[in-house]
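Encoded as structure tokens, the structure appears first; notes follow it.
These figures come from a predicted structure and were not determined experimentally. Ligands are counted one by one from 1 in listed order, and the atoms in each one are counted from 1 as well.
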Amino acid sequence: MTETVLILGGTREAATLARRLVDAHPDWRVVTSLAGRTAEPAPIAGEIRTGGFGGIAGLADFLRRERITRMIDATHPYARQISANAAEAAALAGVKLDVHTRPPWDRQPGDDWREVASEADAAAAIPPGARVFLALGSQHLAPFEARRDVHFIVRMIDPPASPLPLASHTIVTGKPGPAAEEERVLRDHAITCIVCRNSGGDGAYGKIEAARTIGIPVIMIARPA
Ligand code: NAP
């Protein structure tokens, strides 16, 4: 049976899935939805649509209008709002929903992880005077504003549209790389601590391996329930 599939994307796994579905089912219509946060997203097989749907009602309307037969939530494990909206909209529109969530990373021998529940807890857990590699999106920086004793090295895919709310910081533009590249970034900036999320997957794991090699702690923000 031919299907019209909507993939909620924004992750490498979503792009891989789109490629796989397009190759395996040339008669299916495969549409990947992106939030539009990244100026130049990597190429994706099939169709792409960009931007928010306008909440649950907007997504349910889209499902009906485009006659979507199956929705796959392959968004990032910390993208809570869109996943919650997808569950509600699928029920409203009577569309099948599959959820593809990456498993989290497991702590390995030599890892010094300090697990915290929130960004605010992560900010409080940073050792005084640290040089911190902050691997979070620009919309998650406000809780770190009060740590005026800390120098932040903030990595972003695109340069920020407005000044960051951090007193002392350096911006490094680029994507996560393999462990050797991440180790170079950590050493070049004399980083003493990393703050990140337990995203899982291979793409962002290089910094975790590099932290283990260098022997610096990782303040790990737990996954949302
Ligand atoms: P979020 O807080 O869960 O979503 C906020 C709003 O952005 C949603 O209500 C929706 O707007 C829109 N949105 C999010 N994902 C969308 C998608 N795939 N297609 C269309 N609209 C989308 O999401 P977020 O944490 O800001 O993440 C945004 C996107 O970046 C996600 O697609 C995610 O997979 C990707 N991403 C996130 C992270 C992260 O750390 N959170 C990391 C890497 C990639 P409407 O309500 O108007 O529909």
> Does any pair with a residue in residues 87-101 pass side chain to side chain donor-acceptor pair (under 3.5 Å), and if so which ones, sequence neighbours excluded?
Replying inline: Arg70-Asp98
> Tell me, do Glu66 and Leu6 make a side-chain contact under 4.5 Å, heavy atoms counted?
Replying inline: no
>> Residue by residue, ordered by chain and number, which ones reach under 4.0 Å of ligand 1 with a heavy atom?
In response: Gly9, Gly10, Thr11, Ser33, Leu34, Ala35, Arg37, Arg49, Gly51, Gly52, Phe53, Gly54, Gly55, Thr75, His76, Tyr78, Ala79, Arg80, Gln81, Ile82, Asn85, Gln139, Arg197
> If you draw a 6.0 Å radius around CD in Glu40, do more than 12 non-hydrogen atoms from other residues or ligands fall strictly inside?
Replying inline: no
> Tell me the side chain to side chain donor-acceptor pair (under 3.5 Å) pairs involving residues 48-60, sequence neighbours left out?
Replying inline: Ser33-Arg49
> Could you walk me through whether Lys175 and Glu181 pass the salt bridge (Lys or Arg N to Asp or Glu O under 4.0 Å) check?
Replying inline: CA-CA 11 Å; Lys175 292 186 177 175; Glu181 268 175 39; over 6 Å; no
> Which pairs, with at least one residue in residues 212-225 and sequence neighbours excluded, count as a salt bridge (charged side-chain N to carboxylate O under 4.0 Å, His left out)?
Replying inline: Asp111-Arg212
